[in-house]
Protein chains: 6
Amino acid sequence: VLVDRPEKLGRVQILNVHSRKIHLGADVDLETVAALTPGFTGADLANLVNEAALMATRRGGDEVTLADFTAAIERIVAGLEKRNRLLNPHEREVVAYHEMGHTLVALSLPGSDVVHKVSIIPRGIGSLGYTIQRPTEDRFLMTRQELENKMAVLLGGRAAETIVFGELSTGAADDLQKVTDIARSMVTRYGMSPELGQVTYERDTHNFLGSQTPTPPWNERSYSEETGREIDKVLKSVVDRAFARTVDLLKAKRDVLERGARQLLERETLDEADLAALLRPQLVPEPVQS
Amino acid sequence: VLVDRPEKLGRVQILNVHSRKIHLGADVDLETVAALTPGFTGADLANLVNEAALMATRRGGDEVTLADFTAAIERIVAGLEKRNRLLNPHEREVVAYHEMGHTLVALSLPGSDVVHKVSIIPRGIGSLGYTIQRPTEDRFLMTRQELENKMAVLLGGRAAETIVFGELSTGAADDLQKVTDIARSMVTRYGMSPELGQVTYERDTHNFLGSQTPTPPWNERSYSEETGREIDKVLKSVVDRAFARTVDLLKAKRDVLERGARQLLERETLDEADLAALLRPQLVPEPVQS
Amino acid sequence: VLVDRPEKLGRVQILNVHSRKIHLGADVDLETVAALTPGFTGADLANLVNEAALMATRRGGDEVTLADFTAAIERIVAGLEKRNRLLNPHEREVVAYHEMGHTLVALSLPGSDVVHKVSIIPRGIGSLGYTIQRPTEDRFLMTRQELENKMAVLLGGRAAETIVFGELSTGAADDLQKVTDIARSMVTRYGMSPELGQVTYERDTHNFLGSQTPTPPWNERSYSEETGREIDKVLKSVVDRAFARTVDLLKAKRDVLERGARQLLERETLDEADLAALLRPQLVPEPVQS
Amino acid sequence: VLVDRPEKLGRVQILNVHSRKIHLGADVDLETVAALTPGFTGADLANLVNEAALMATRRGGDEVTLADFTAAIERIVAGLEKRNRLLNPHEREVVAYHEMGHTLVALSLPGSDVVHKVSIIPRGIGSLGYTIQRPTEDRFLMTRQELENKMAVLLGGRAAETIVFGELSTGAADDLQKVTDIARSMVTRYGMSPELGQVTYERDTHNFLGSQTPTPPWNERSYSEETGREIDKVLKSVVDRAFARTVDLLKAKRDVLERGARQLLERETLDEADLAALLRPQLVPEPVQS
Amino acid sequence: VLVDRPEKLGRVQILNVHSRKIHLGADVDLETVAALTPGFTGADLANLVNEAALMATRRGGDEVTLADFTAAIERIVAGLEKRNRLLNPHEREVVAYHEMGHTLVALSLPGSDVVHKVSIIPRGIGSLGYTIQRPTEDRFLMTRQELENKMAVLLGGRAAETIVFGELSTGAADDLQKVTDIARSMVTRYGMSPELGQVTYERDTHNFLGSQTPTPPWNERSYSEETGREIDKVLKSVVDRAFARTVDLLKAKRDVLERGARQLLERETLDEADLAALLRPQLVPEPVQS
Amino acid sequence: VLVDRPEKLGRVQILNVHSRKIHLGADVDLETVAALTPGFTGADLANLVNEAALMATRRGGDEVTLADFTAAIERIVAGLEKRNRLLNPHEREVVAYHEMGHTLVALSLPGSDVVHKVSIIPRGIGSLGYTIQRPTEDRFLMTRQELENKMAVLLGGRAAETIVFGELSTGAADDLQKVTDIARSMVTRYGMSPELGQVTYERDTHNFLGSQTPTPPWNERSYSEETGREIDKVLKSVVDRAFARTVDLLKAKRDVLERGARQLLERETLDEADLAALLRPQLVPEPVQS
């Protein structure tokens, strides 16, 4: 069944209801919490408030702070921290550049969701690092340009690995899957490719607008082999272009990428303020002219 | 099972029966209500009368007016209003032009169903705006020309977006699906393409004549790959032509489109009278000749 | 399970048994009733006698007449009259020409079943008009020529629409499906196409000889894509030829078509005698030579 | 489960056991009865003895004769007589030539099973006539030549129709299906086509050696499309050749075909002796030389 | 579930256990019995000892001899003797040459399993003759050469038929199926074709090493049509080559083939000693020189 | 369901818990045991400790030594020893070179997991020999180079057979399957082929990082035939290159391969120390210069 997930305004209202019985810290703005939880149902939000309160109790606090909420969201979205998952130094370095790649692309493309946090602490099953974005608003429509930006953010990890290490790793498999899903929808459902026209080639219930439900295995299709080949080609060229663009973008900011990855390796996690500082022009001592 | 839905005359009779126990306002003509409810079963109509009576009670009225019936129909057909669904200003603008696109094409093509209401109030699950048409009569046969007009009305939304914003958005996905269904039926079931002849290539129980049942996932097919490719090509060219025609039509009425979208942004909803006024030639002060 | 439906002689015997308890009108010849009911099982015939008796009772008659039997057959075969189904004048005209097309082709091709009645009174679910043929005998074998004639009768509706209105409508969808089934069987099961030889390409339990059971969805197939393409091509050319022939036939009798359709629009239903009169050469006043 | 049907010797033994309690006529040789019942299980044979005894009782005989056995076999194999199935004279003529075609090819090809009876009395569901062959022995191996002869006998019906009427009818559909099955097995299971080699392309449990079980719908296949196309082509050419050969054979015996069909139309059924007489050279009065 | 069948050594041990309670004849070497029963489970071996004891009892012997074991194995592996299955003389001749073909190829190729017995006594369901080989040892690895030899032995039957009768019969269908399975595995699972490389194209649980379990219907496949076509071609050429080689081998030993088949027709069964004698150079009286 | 298997650190902790009640030998370092058990769940590790204790008891030891743990791991991973599985001398030789091939490639490629043991003692169902590697660390990311090395180790067996015997055997079937899985994932899931780009073509839950779960039958696919052909070609060329590289590597170390295989034939099993000795440069008496 199709669940009608609450919009941001609805989430604020639901959070308000569930927060009545707990002491909220002065720094907690439920609008911010709502912004971090697109796609959460009412039940998810109730659970979130409980988890945040638990976090506060565990650390002996008497108020539930924004940090408690953020930690609870991370736990729900990305799973438990897995500090036992000891990556070797090279793997850890690859992960740092990979996550910094996602983050830097998101920071660079106008209109991308705010990067709330980037981390190389392994979490949940299989994750080695993560980047959490915070949409400033729920989105209901996306343009082709916005979808292309979304693909660029997803490809930022692999692009960074390619630029820095000149090597491909298995770490981008999930990203490639999401990029392929977006490109496929652009071509087969949103009529965004001139070659294939304003025709629907596949159907599904999948959407890219803030939903965090797992993607269905594969879409139903209804076209001939030759049309299928055309779709494959256009889909590949859409992804190729997005990747080339992402590589160019990161190459142009190679120094920020390097600094960011270094900081991430040192501090494991960077938040919004850290990232803002990172992007600020560096004070470079002027070369003294002779 | 195949339900035998009542024709318009039958709907009038059914509405008469169910309305006996309520006070109908002077402005209620059950023929108009019947015209707005093609595809409703007897049970749907009984429900409609109840909903309309409830609307009247809620607003404290002592008669059930046509406005109550219209509101009840909108609620049944398009779902509850979702005023929490806060679109950003650009999204709202895109939706306004999109809906005005549908409406203007419907107003321009002879023989199209009357536009009863156009609105940018979000409703139900996922809808951002809607255009309600009122067939002046039930239809039992449609010509190729009429199906092409139906496709043009459906493509009006995307055509308006393209003309005004020069950008494609995800908002037309449902429209493209319906257009593809019509074009596919023209080619594979109605023998309307000279290239493919008077042969049936697919079968289903789907019809376009006033039915509001959801379309089945995909039709059963029985043809070779090469014939499938031919179908794909003809289908695409049917849709391409329909889109080009729709764009031309809206470009020629660009000023009405602009005025309509502006009004929609201001007033959220336009009814039949508003639309009639919109189409009336504007009094433009004659340029004074020197 | 495969039901062994009674032959005409068997139907006469069964009708005899069931008619013992009712007063048959003098005009009732059970042979004629049997001729109108190919494919009826024993149970269907028992039901028919009851329905006919009911018809007589309803109209206050004390004998069951042939008209009662005919009305009962129409009700069983085509469903209840749907006088609420109000077509608009143009639709009604299209239906009249469409039905007259079927009828006129049947009247013109030697060996076609006698046309017992043609009507534009809507009946059952979805039907807008109907032509009832009465086989003079049960048929057990059909030649290629006879199958082609059957296709021509089925295509007569659309051919008439094309000639008169120059437009294609959705009203021929069912006819095209039946034509496609016949052409497919000629090619894939009856070895009637020289290109594909005396080979069976598909299997089903479907037959065209007086059976009124619904056709199975699609046949099982066992051939390569390229052979499938050959089948598609031959099938299309068989249907194309049949359509061209039907159009030629109706063009040559355009005047009878016009007169017949006009009469049908006036009188809604024409019977065997009316059709015989229609075909009689018209007395045209000789132009006076000056 | 796979039933191990008794061989001829076994059938004689089983018939012996079941016949102990009945009076067998002097003309009954159980070897002959066993020869007419290849593929019968023990239960089928027990049933046969009962049916034959019943036949004798019905006709008031005090012994069970060979004719009783033959009638019982016909009833079991081909179904009840359907004397109500009144074919029109042309259909009856077509059936007579069709059955005579099967019979004459069987009589002409060395090594074919003896034709025990040919008849145009309709029987069972759908059958319009039948030819019963009596293998002189059970067969366990068949050569390519023997399979080709089997195809020729099956195609004899359609070949006769083509020669005599110059028209194709629907009556050969079952024959074509059986011919296609044999040709497909030659190509895909028996390695009998040089083009496709000694490779197995399909598998089934189907056999042509005296079995009367219904053929399975379609075989499982495991090959590429292009190989499938090659199979289609070789299969068609095998059937084309078999048909051409059958036509030639019947053309060369046109006079016997005509005489046989005439006799069949007059007498409805011909037995082994009648057929032997038919084949005997005709005494034609010598033309007197002037 | 995957049964772990005992190796030869294990079989000897199991046979020892089960034979404790019976009197074994002096000629019984359980190693030989174990060699004749590759693929037997513990339960199968227990059953074998019982069957062999039963054989001894039936013939009134007081010891269980090797002949009893051999007879019990034949009954288990090939089914009951079917002496009722009376082949005609030509069929019997074909079977004799066919079986002698298998046997002679097995005797001629170095490394083939010893032929323990060849027979033309029909057995079980459908078998007309059989050749029983006795591996001198269990095999765990097979080379390409050994698989090719295995194919040659399987093709020996048809090759003999072709050479002697110049005709193909249906009798080789099972052999062709097994040959196709081996060739397909060489190409798709064992990486033995240079054209297709060291890639796995199909997967199954099937093995050729002494297993007597029935082959699964068809393997799962995962490749494109064009690759499938390549596989078909290579597979066919592997089988073609194997067949040509087998024909050459038998042609070169035509005289032994003839003598062997003659002996088989006379004596129905030949054992290891008979075959050794058959292969011994014949004493041909020297032609006397003049 | 997706099991979250413990990382190495977690395995050490779990082993610690389960080992509390047993006497560990002085030579047991639980870190080493953890390194040998990647992919083991908590339950597997508990079972391992029990099995190792049982081993100690059986051999009458009062401490559980590292050898007990190793033996227990071998039994769990590779199954029971099957000393009844008597290979013939040639098969045994092939197996020795095959296993030595795997081992030598693993020893030669930088970054490969340490070879803990290589053996030609048959174990479990179907295995004829085995090579156990010990990852020095859990791995979470793999580069293209590392995947290629993994393929080379897997192909080492067949490469050795080819070099030494010039013949292909069935023994590499499992290796080829694993190599194909890796190559397929590189191409269709990890975006590692320039020809096919950063697009996901198949999806599964399969991973190569230390997991010992059986591979799923085949992946779900979503692409046209022509794209499928491209994938087939790239996949084959990836495997071809890996095989050529492996052959070159082993040819260059032919002497070590020979010595290793000889030692394996003599001693059945070689451990880490034996292999280190094997690789040490041989003291070859200098040829005396004349």
Side-chain angles (χ1 to χ4, degrees), chain B residues 1-14 34 111 135-148 150 182 185-186 188-209 211 219-231, chain C residues 79-80 82-88 90-92 94-95 98 122 124-128 155 158-159 161-162 165 167-181 183-184 202 215 217-219 221 223-233 235-240 242-243 246:
Chain B
V1 300
L2 194 52
V3 178
D4 189 14
R5 296 167 192 279
E7 331 290 347
K8 187 173 164 190
L9 211 60
R11 293 197 298 274
V12 173
Q13 292 162 352
I14 294 169
T136 45
E137 57 186 1
D138 288 350
R139 293 299 306 278
F140 302 98
L141 281 181
M142 293 191 83
T143 61
R144 184 179 166 122
Q145 184 60 50
E146 287 169 319
L147 293 173
E148 282 172 350
K150 217 172 177 74
I182 295 175
S185 286
M186 287 170 65
T188 66
R189 297 179 53 226
Y190 299 142
M192 288 180 177
S193 123
E195 296 90 339
L196 287 154
Q198 318 271 357
V199 172
T200 297
Y201 294 93
E202 295 184 357
R203 306 189 175 204
D204 65 11
T205 56
H206 188 148
N207 81 54
F208 299 113
L209 307 169
S211 141
N219 306 319
E220 274 188 84
R221 40 180 271 180
S222 168
Y223 40 78
S224 64
E225 271 304 327
E226 206 176 324
T227 302
R229 174 61 176 169
E230 230 181 308
I231 291 172
Chain C
L80 284 175
K82 295 279 174 175
R83 294 216 165 253
N84 274 351
R85 195 172 289 156
L86 295 183
L87 282 68
N88 69 30
H90 179 63
E91 284 178 337
R92 217 171 150 260
V94 170
V95 173
H98 183 108
I125 299 181
S127 152
L128 306 177
L155 289 167
R158 161 150 294 197
E161 290 186 53
T162 313
F165 303 99
E167 265 242 316
L168 302 174
S169 83
T170 55
D174 282 355
D175 299 335
L176 299 188
Q177 203 158 294
K178 285 175 194 152
V179 166
T180 301
D181 285 344
R184 177 172 293 274
E202 296 184 357
T215 57
W218 286 110
N219 306 320
R221 39 180 271 181
Y223 40 78
S224 64
E225 271 304 326
E226 205 176 324
T227 302
R229 174 61 175 168
E230 231 182 307
I231 291 172
D232 288 350
K233 273 180 176 166
L235 192 155
K236 179 172 178 297
S237 87
V238 164
V239 175
D240 280 353
F243 188 65
T246 310

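Proteins come first, then strands; the chains are lettered A, B, ... in the order of their sequence lines, and each starts at number 1. It should be emphasised that the depicted structure is a prediction, and the values quoted were computed from it without experimental measurement.
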Which residues satisfy the side-chain hydrogen bond (donor to acceptor under 3.5 Å, both in side chains) test with B:Glu146, sequence neighbours excluded? B:Arg139, B:Thr143

Any residue meeting salt bridge (Lys or Arg N to Asp or Glu O under 4.0 Å) with C:Arg83, in chain and number order, not counting sequence neighbours: C:Glu81, C:Glu268

Would you indicate whether C:Asn88, at its atom CG, is surrounded by more than 12 heavy atoms from other residues, nucleotides or ligands within a distance under 6.0 Å?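 Atom CG in C:Asn88 is crowded, with more than 12 foreign heavy atoms closer than 6.0 Å.
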
Are any of the side-chain heavy atoms of B:Gln145 and C:Glu167 separated by less than 4.5 Å?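 They are in contact (side-chain heavy atoms under 4.5 Å apart), so the answer is yes.
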
Would you say that B:Phe140 contacts C:Arg92 through its side chain, given a criterion of any heavy-atom pair below 4.5 Å between the two side chains? no

Locate the shortest heavy-atom distance separating [X] from [Y]; write the atom from each residue and the value.
| X | Y | result |
| --- | --- | --- |
| B:Met192 | C:Thr170 | CE-N, 3.9 Å |
| B:Leu196 | C:Lys236 | C-CE, 3.4 Å |
| B:Ser224 | C:Gly228 | CB-C, 3.6 Å |

Under 4.5 Å, counting heavy-atom pairs only, tell me which of C:Leu235, C:Leu128, C:Val238 racks up the most with chain B. C:Leu128

Between C:Leu168, C:Leu86, C:Asp175, C:Asp240, which shows the greatest number of heavy-atom pairs under 4.5 Å with chain B?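 When all of C:Leu168, C:Leu86, C:Asp175, C:Asp240 are compared, C:Leu168 has the most.
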
Spacing of CD belonging to B:Glu202 relative to CD belonging to C:Gln177, to within rounding of 0.5 Å: 11.5 Å

Are any side-chain N or O atoms of [X] and backbone N or O atoms of [Y], one a donor and one an acceptor, separated by less than 3.5 Å?
| X | Y | answer |
| --- | --- | --- |
| C:Ser169 | B:Leu141 | no |
| C:Asp232 | B:Thr227 | no |
| C:Glu225 | B:Glu225 | yes |
| C:Thr180 | B:Thr200 | yes |

Side chain, backbone, both or neither: which part of C:Ala173 has an atom under 4.5 Å from a heavy atom of chain B? both

Run the salt-bridge test on B:Glu230 and C:Arg229 with the 4.0 Å N-O cut-off and return the result as yes or no. yes

